[in-house]
Amino acid sequence: MRLLWFWPALCIPLGLTGCYFGPINILEADVPPEIASSNKAPWNGPLRLESGTNIYAFVVDEDPESLRYEWLLSDEGWVDNARTLSPGATQIYLDADPKLDGQRLTLSVFDAEQQSDSIYWDLEVLR
């Protein structure tokens with residue numbers, strides 16, 4: 001290694017690419033899941049439930065098969081009728097039940113490393 005002391009002095013002024021020293025370790029970036037799209041109103045208005053509504057979200061992650069989805073209603077608790085449509089997609093169905101009016105529905109998505117993203121819908125039941 002003592003013989004290579006001059007290498008940086010030659011490498012940089014000569015404009016050589018690939019000037020590195022020692023082993024190169026490639027670190028894989030683990031990015032958190034991202035909810036890419038859903039049927040949430042872009043203006044953050046309430047989601048209006050009429051006779052019944054499918055609520056869905058599409059999630060982007062490097063390993064969509066390991067995603068875990070948790071749906072929660074602010075007053076009612078966990079929603080247990082959620083379906084995974086395909087890796088990276090989830091959906092629930094809500095009836096237009098008057099007790100849902102004014103509640104907040106939250107979806108939290110977790111990957112294998114417990115990184116997460118979430119989204120919410122304020123619900124309005126049309127009578």
Side-chain angles (χ1 to χ4, degrees):
M1 291 302 276
R2 290 184 185 195
L3 297 175
L4 295 177
W5 67 268
F6 64 90
W7 180 244
L10 289 175
C11 180
I12 295 170
L14 293 176
L16 299 175
T17 59
C19 297
Y20 64 89
F21 306 96
I24 296 176
N25 295 326
I26 299 174
L27 301 175
E28 293 189 27
D30 181 31
V31 296
E34 178 185 349
I35 298 173
S37 66
S38 69
N39 60 340
K40 181 174 174 77
W43 57 89
N44 285 331
L47 178 65
R48 294 184 173 99
L49 302 176
E50 295 184 49
S51 61
T53 304
N54 283 315
I55 303 168
Y56 61 86
F58 296 98
V59 182
V60 176
D61 191 66
E62 64 264 359
D63 184 14
E65 306 247 344
S66 71
L67 295 175
R68 181 172 45 94
Y69 308 99
E70 294 181 359
W71 293 88
L72 179 69
L73 283 165
S74 57
D75 293 344
E76 304 297 312
W78 300 109
V79 179
D80 58 1
N81 67 345
R83 294 182 26 208
T84 300
L85 301 175
S86 64
T90 182
Q91 169 187 320
I92 63 168
Y93 177 82
L94 291 180
D95 285 320
D97 189 337
K99 69 181 178 182
L100 297 176
D101 192 48
Q103 288 197 51
R104 177 171 281 184
L105 173 68
T106 303
L107 167 64
S108 298
V109 182
F110 299 90
D111 67 6
E113 286 76 31
Q114 297 304 310
Q115 297 183 48
S116 65
D117 193 11
S118 63
I119 191 171
Y120 68 88
W121 294 261
D122 291 319
L123 303 177
E124 180 181 328
V125 177
L126 301 177
R127 294 173 180 85

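Numbers here are sequence positions counted from 1.
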- Query: Which residues pass the side-chain hydrogen bond (donor to acceptor under 3.5 Å, both in side chains) test with E65, sequence neighbours left out?
  - Reply: none

Listing, residues 86-94 side-chain donor-acceptor contacts under 3.5 Å, not counting sequence neighbours, or none:
{"from": "T90", "atom 1": "OG1", "to": "W71", "atom 2": "NE1", "distance (Å)": "3.3"}
{"from": "T90", "atom 1": "OG1", "to": "R83", "atom 2": "O", "distance (Å)": "3.1"}
{"from": "Q91", "atom 1": "NE2", "to": "N54", "atom 2": "OD1", "distance (Å)": "3.0"}
{"from": "Y93", "atom 1": "OH", "to": "D95", "atom 2": "OD1", "distance (Å)": "3.4"}

- pair D117-V59: side-chain heavy atoms closer than 4.5 Å: no

- Query: Can you name the salt bridge (Lys or Arg N to Asp or Glu O under 4.0 Å) partners of E76, sequence neighbours left out?
  - Reply: K99

- If you look only at pairs with a residue in residues 50-60, which of them pass as a salt bridge (Lys or Arg N to Asp or Glu O under 4.0 Å), with sequence neighbours excluded? none

- With sequence neighbours left out, the residues meeting side-chain hydrogen bond (donor to acceptor under 3.5 Å, both in side chains) with Q115 are D30

- Minimal heavy-atom distance between P32 and D61, with the atoms involved, is C-OD1, 3.9 Å

- Task: Side-chain contact test, heavy atoms from C-beta onward, threshold under 4.5 Å: evaluate it for L73 versus L123 and give yes or no.
- Result: yes

- Cluster companions of L72 among Ile, Leu, Val, Met, Phe, Trp, Tyr (side-chain spacing under 4.5 Å): W78

- Listed partners of D122 passing salt bridge (Lys or Arg N to Asp or Glu O under 4.0 Å), at least two apart: R104

- Just how far is it from atom OH of Y69 to atom CD1 of I35, taken to the nearest 0.5 Å? 9.5 Å

- Considering residues at least two apart in sequence or located in another chain, which fulfil the side-chain hydrogen bond (donor to acceptor under 3.5 Å, both in side chains) criterion with S66? D63

- Note on the structure: Hits for side-chain hydrogen bond (donor to acceptor under 3.5 Å, both in side chains) against E113, two or more places apart or cross-chain, chain-then-number order -> none

- Item | Between CD on residue E70 and OG1 on residue T106, distance to nearest 0.5 Å | 11.0 Å

- Item | Y120: hydrophobic cluster co-members (side-chain, 4.5 Å) | none

- Message: Using a 3.5 Å distance criterion without hydrogens, assess whether the side chain of D101 forms a donor-acceptor pair with backbone atoms of V125.
- Response: yes

- From the list L107, L47, V79, side chain to side chain contact (heavy atoms under 4.5 Å, CB included) with I55 holds only for L47

- Query: Mind checking what makes salt bridge (Lys or Arg N to Asp or Glu O under 4.0 Å) contact with E124, not counting sequence neighbours?
  - Reply: R48

- Message: Just to verify, what does Y56 make a ring-ring contact (aromatic ring centres under 6.0 Å, His included) with, not counting sequence neighbours?
- Response: F58

- Message: Taking V109 as the starting point, is it possible to reach I119 by hopping between hydrophobic residues whose side chains are less than 4.5 Å apart?
- Response: yes

- Item | Closest non-hydrogen atom pair, V31 against D111 | O-OD2, 3.8 Å

- Item | Non-hydrogen atoms of V60 and A36 that approach each other most closely | CG2-CB, 3.6 Å

